[in-house]
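I have placed the structure first, in the form of structure tokens, so that the comments after it can refer back to it.
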Amino acid sequence: MKIPRTDELALLSRSDFPADFRWGCSTSSYQIEGGVQEDGRGESIWDRFCATPGRIRDGSSGAVACDHYHRWPQDLDLARSLGTNAYRFSIAWPRVFANGRGRIANPKGLDFYSRLVDGLLERGLEPWPTLYHWDLPQALQDEGGWAQRATVDAFLDYTDAVTRHLGDRVKHWITHNEPWCTAFHGNLEGVHAPGIRDLKTALQVCHNVLLSHGLAIPVIRRNSAGAQIGAALSLHPLKAASDSAQDVAATRRHDGLRNRWFLDPLHGRGYPVDTWQLLGDKVPEVQDGDLAAMATPTDFLGVNYYFPEIVADAPGQGVLSTRVMEPQNVERTAFGWEVSPEGLVSLLDRVNHDYQPARIFLTENGSTYEDVVAADGSIDDPQRQRYLQQHLLALREALAMGVPVKGYFAWSLLDNFEWAEGYIRRFGLTHVDFETQQRRLKSSGKWYGAFLKGQL
Ligand code: IFM
């Protein structure tokens with residue numbers, strides 16, 4: 001893909017995309033809701049993690065966040081005002097079962113999401129809930145968390161409770177958001193909750209999360225007739241640091257754990273053999289039937305795309321002997337992530353070619369910049385607007401290549417709690433003043449709205 005000229009970006013139109021394309025924004029419970037002590041919600045691993053000094057860059061937490069728990073009608077109005085037709089959010093497990101499991105689900109917790117779903121439908125927005133976006137009940141972590149198979153059973157009971165309650169109105173379900181992050185940020189790097197640093201644990205967590213995805217599918221189908229179901233994976237196109245045989249081989253090794261470790265089992269191929277062998281005695285315990293369960297057919301694949309990675313051979317570094325290089329001489333967001341719409345085209349082309357999913361939804365894509373609020377209250381963020389435009393052009397190109405992309409969800413509707421970065425990183429199309437909770441659409445958000453309403 002060529003880098004588009006400014007005049008090409010301006011020519012982008014919603015009518016370039018199929019009429020039934022889903023257009024939305026994504027959010028997640030812990031990042032926006034706040035209200036962590038309300039209506040019987042239990043403690044999550046993120047409440048505990050944030051309370052540990054040094055874990056979050058600005059010492060903050062999601063205790064208040066965007067106060068969406070109280071302000072959701074206003075936020076849904078905002079989503080509607082953009083002209084979106086779908087909205088992705090997540091359900092906080094500790095609102096439904098304060099201690100992760102139990103005989104009776106918390107009616108107030110379920111009722112919150114029921115009102116949210118009704119509010120979405122009243123506004124003409126299709127609800128796209130994610131069942132797990134990282135806020136595991138702390139009580140389950142105290143028993144070993146996702147490294148224990150008992151957590152898989154608890155997840156299925158939680159899934160049953162939620163989908164029984166909402167399954168009549170929700171017709172799109174996402175089981176897990178970014179299992180890579182759950183497993184590796186949380187249990188290998190220790191930079192996310194629960195803050196563990198152990199490869200064996202991370203791989204068992206990963207296995208149990210993928211298993212719970214597969215086992216949840218029949219539960220959801222039973223309770224939500226005709227629903228479409230998928231998982232949202234964080235995937236990265238990879239480039240070798242050089243043409244050397246060593247760097248090319250290292251890139252393949254990195255791909256094994258970054259991408260194929262998730263894509264292969266979900267598509268019925270089991271774990272990639274090359275990666276399995278490299279992991280030695282760290283591999284997870286796999287029981288009979290697990291791989292078949294993980295491959296339970298889905299209706300779509302959710303792809304979360306942010307940036308590509310450049311990989312070099314690094315003998316002795318980590319179990320894979322690889323190093324991810326800092327990108328040089330490229331445009332980057334404030335997070336340091338490379339801006340690469342061409343990476344999105346190559347990723348989608350690769351996924352389509354290698355796995356042939358029936359449908360792909362871009363379930364997250366977005367960027368963070370240092371926004372400045374002008375004296376008149378406006379927020380001009382041309383870089384975020386350009387990022388959005390370039391990635392939509394990339395989607396249009398992928399569609400033209402025959403990739404079955406069916407929708408796009410911008411990350412995110414609102415500035416929010418960006419995990420270990422606290423409130424330092426703003427990904428929203430809407431600026432949130434965390435002192436006053438005032439929402440103000442940024443110029444990128446205004447552009448998205450004008451694009452969706454055909455007003456460009
Ligand atoms: O904020 C996160 C989100 O929770 C998961 N995907 C990536 C986003 C930006 O880092």
Side-chain angles (χ1 to χ4, degrees), residues 24-34 44-47 49-50 55-58 60-62 65-66 68 75 87-93 128-136 174-186 189 191-194 209 230-237 258-259 262 301-309 324 332-340 343-344 347 361-371 381 383-384 387-388 391 408-432 434 444:
C25 293
S26 276
T27 62
S28 91
S29 46
Y30 191 71
Q31 294 181 273
I32 64 167
E33 285 179 359
S44 80
I45 55 173
W46 273 93
D47 300 300
F49 191 69
C50 293
R55 295 299 205 178
I56 310 298
R57 249 180 91 188
D58 58 3
S60 66
S61 76
C66 307
H68 175 78
D75 294 337
Y87 174 74
R88 178 173 175 238
F89 61 102
S90 78
I91 293 173
W93 186 346
W128 281 63
T130 300
L131 288 161
Y132 187 76
H133 196 128
W134 309 352
D135 39 3
L136 185 73
I174 294 174
T175 52
H176 279 271
N177 184 68
E178 301 179 347
W180 187 96
C181 297
T182 303
F184 296 111
H185 277 336
E189 299 166 353
V191 295
H192 279 190
V209 164
L233 303 182
S234 48
L235 300 176
H236 297 263
R258 198 57 155 142
N259 296 315
F262 302 85
L301 176 67
V303 174
N304 292 0
Y305 172 70
Y306 289 91
F307 57 93
E309 284 180 340
V324 175
R332 303 207 224 172
T333 69
F335 228 144
W337 296 350
E338 180 178 348
V339 177
S340 177
L344 176 57
L347 174 69
F361 290 90
L362 244 283
T363 34
E364 282 183 30
N365 173 240
S367 56
T368 173
Y369 293 103
E370 272 148 30
D371 300 324
D381 59 340
Q383 291 169 297
R384 189 178 286 103
Y387 181 99
L388 180 57
H391 287 78
Y408 177 87
F409 292 81
W411 184 269
S412 179
L413 177 65
L414 304 168
D415 288 339
N416 59 48
F417 175 74
E418 177 55 27
W419 308 113
E421 297 286 306
Y423 295 94
I424 293 169
R425 304 285 175 216
R426 293 177 176 269
F427 276 89
L429 298 177
T430 308
H431 182 272
V432 177
F434 293 104
S444 58

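All heavy atoms count here, side chains included; hydrogens, waters and symmetry mates do not. Whatever order the structure lists ligands and atoms in, that order sets their numbers, starting from 1.
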Inset, instruction - Over 60° means perpendicular and under 30° means parallel, so classify the ring planes of Phe427 and Trp337, tilted if in between. - result: tilted
Inset, instruction - Could you label the plane-to-plane angle of the Phe417 and Trp46 rings as parallel, tilted or perpendicular, counting under 30° as parallel and over 60° as perpendicular? - result: perpendicular
For [atom], the protein heavy atom that lies nearest, with its residue and separation:
atom                   : answer
atom 6 (N) of ligand 1 : Glu364 OE1, 2.5 Å
atom 1 (O) of ligand 1 : Glu418 OE1, 2.6 Å
atom 8 (C) of ligand 1 : Tyr306 OH, 3.4 Å

Legend entry - Backbone of Ala334 reached by a side-chain donor or acceptor of Thr368 within 3.5 Å: no
Legend entry - Within-shell test, Asn177 vs ligand 1, heavy atom, strictly < 4.0 Å: yes
Inset, instruction - For Trp337 and ligand 1, answer yes if some heavy atom of the residue is under 4.0 Å from a ligand atom, otherwise no. - result: yes
Legend entry - N or O pair under 3.5 Å between Gln31 and ligand 1: yes
Inset, instruction - Give, for atom CD of Glu364 and atom OG1 of Thr27, the distance between the pair rounded to the nearest 0.5 Å. - result: 9.5 Å
Inset, instruction - Could you verify whether a donor N or O on one side chain and an acceptor N or O on the other, from Asn177 and Thr130, lie under 3.5 Å apart? - result: no
Inset, instruction - Please confirm whether Trp128 and Phe361 have ring centers closer than 6.0 angstrom. - result: yes
Legend entry - Contact atoms of ligand 1, heavy-atom distance to Trp134 under 4.0 Å: 5 (C)
Legend entry - Atoms of ligand 1 close to His133 [distance to a heavy atom under 4.0 angstrom, numbered from 1]: 3 (C), 4 (O), 5 (C)
